[in-house]
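Since the structure comes first, as structure tokens, the remarks are kept for the end.
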Amino acid sequence: MERITADGRPPAAFIAESLMGSGGNIVFPDGYLDGVFTAAGRAGALCISDEVQVGVGRLGPWWGFELQGVVPDIVTMGKPLGNGHPLAAVVTTREIADAFDTGMKYFNTFGGNPVSCAIGEAVLDIVEHDGLRQNAVRVGGYFAQSLRQLQQSRPLIGDVRAEGLYLGVELVRDRTTKTPATEQAFMVTELMKERGVIVFPNGVHDNVLKIKPPMTFRREHVDLYVDVLDEVLSLPELRSAVQ
């Protein structure tokens, strides 16, 4: 921040997911966003939290940034807000919103659709009244524990990253060097699909199994997933990939 400001190019904004989903399910260390937001604020930049994948209770709190103890200037939210219905929203302060009123006219054919708004309100009510945030914490914790137990017997699993019902299983060929098991990750997804379980790798090296189940996921679903993953990882072609 200080360097680019000194170069005469002060940042306009800092934007980040509260948990880096497609980047490999990276869970930020405690205090990370607080430090970044503070630095961004000193440079005059706005802080934007991308809650499109992690928001609406998936991590436990309503919004992922709550886990970091920060309050962003702008929050973007989308997919889970409509539970399948196309819906997105931006939340910010009145001061920031007014700053966009510079005379340029903005028009959106589908902006503020009353049907979409009603659906979004219904989703929020169901998440709250059905205890789905609490379910994310309980079932997600059990899911993470089960995957870490599996990690002890399956060396292809290099790391398990989890927060609520958003989990990632990093596959590596060598736990010491962290050599990505990219080819094996795609094999795992195909083999699990044949057994009725859908998952896909993401991350920089496409070697992290991204697990983002419905908020109504239960312990029996976790057991099914872990059992199938265990079965697949026990196959000779995957066991032999570990160096």
Side-chain angles (χ1 to χ4, degrees), residues 1-128 132-133 136 161 163-166 202 210 212 215:
M1 294 288 183
E2 293 176 356
R3 185 175 52 128
I4 60 176
T5 300
D7 288 343
R9 298 179 295 112
F14 169 82
I15 182 170
E17 291 183 286
S18 305
L19 180 155
M20 292 179 62
S22 297
N25 220 82
I26 307 299
V27 179
F28 292 140
D30 292 340
Y32 172 76
L33 283 184
D34 183 45
V36 175
F37 277 23
T38 299
R42 283 199 301 261
L46 295 176
C47 296
I48 306 171
S49 183
D50 176 1
E51 297 282 332
V52 170
Q53 293 199 74
V54 301
V56 196
R58 175 163 293 280
L59 305 186
W62 275 107
W63 311 108
F65 62 78
E66 295 181 75
L67 292 172
Q68 289 276 319
V70 296
V71 179
D73 299 301
I74 300 173
V75 180
T76 60
M77 54 193 75
K79 292 174 284 190
L81 194 60
N83 193 38
H85 179 83
L87 176 62
V90 175
V91 176
T92 188
T93 65
R94 170 52 58 189
E95 180 182 6
I96 293 173
D98 287 343
F100 283 90
D101 187 11
T102 60
M104 180 180 294
K105 299 302 181 183
Y106 172 77
F107 178 79
N108 188 317
T109 302
F110 301 106
N113 185 295
V115 175
S116 298
C117 291
I119 290 171
E121 287 189 340
V123 170
L124 294 176
D125 287 342
I126 290 170
V127 170
E128 179 66 21
L132 297 185
R133 294 190 297 119
R161 304 159 187 162
E163 194 70 67
L165 276 176
Y166 206 162
N202 67 3
K210 179 180 180 180
K212 194 177 125 181
M215 295 280 285

Legend entry - Side chain to side chain, Pro72 and Ile48, heavy atoms closer than 4.5 Å: no

Inset, instruction - Answer yes or no: is there a side-chain heavy-atom contact under 4.5 Å between Leu81 and Leu124? - result: yes

Legend entry - Nearest-0.5 Å distance that lies between atom CD1 in Ile126 and atom CE in Met215: 11.5 Å

Legend entry - Atom pair CD1 (Ile74) and CG (Leu46), whose distance is rounded to the nearest 0.5 Å: 5.0 Å

Might you point out which heavy atoms bring [X] and [Y] nearest each other, and give the distance in Å?
| X | Y | result |
| --- | --- | --- |
| Ile119 | Gly82 | CG2-O, 3.8 Å |
| Phe65 | Glu51 | N-OE2, 3.1 Å |
| Gly55 | Pro80 | O-CG, 4.0 Å |

Could you go through residues 56-64 and list every donor-acceptor pair under 3.5 Å that involves a side-chain atom there, pairing it with any protein atom two or more places apart or in another chain?
residue : atom : partner : partner atom : Å
Arg58   : NH1  : Leu165  : O            : 2.6
Arg58   : NH1  : Pro213  : O            : 2.8
Arg58   : NH2  : Pro213  : O            : 2.8

Legend entry - Of all pairs that satisfy side-chain hydrogen bond (donor to acceptor under 3.5 Å, both in side chains), the ones with a partner from residues 82-94, not counting sequence neighbours: His85-Ser116, Arg94-Asp98

Would you list the atom pairs, donor with acceptor, under 3.5 Å between side chains in residues 21-38 and any protein atom, with sequence neighbours excluded?
residue : atom : partner : partner atom : Å
Ser22   : OG   : Gln53   : NE2          : 3.4
Asn25   : ND2  : Arg161  : O            : 3.3
Thr38   : OG1  : Asp34   : O            : 2.8

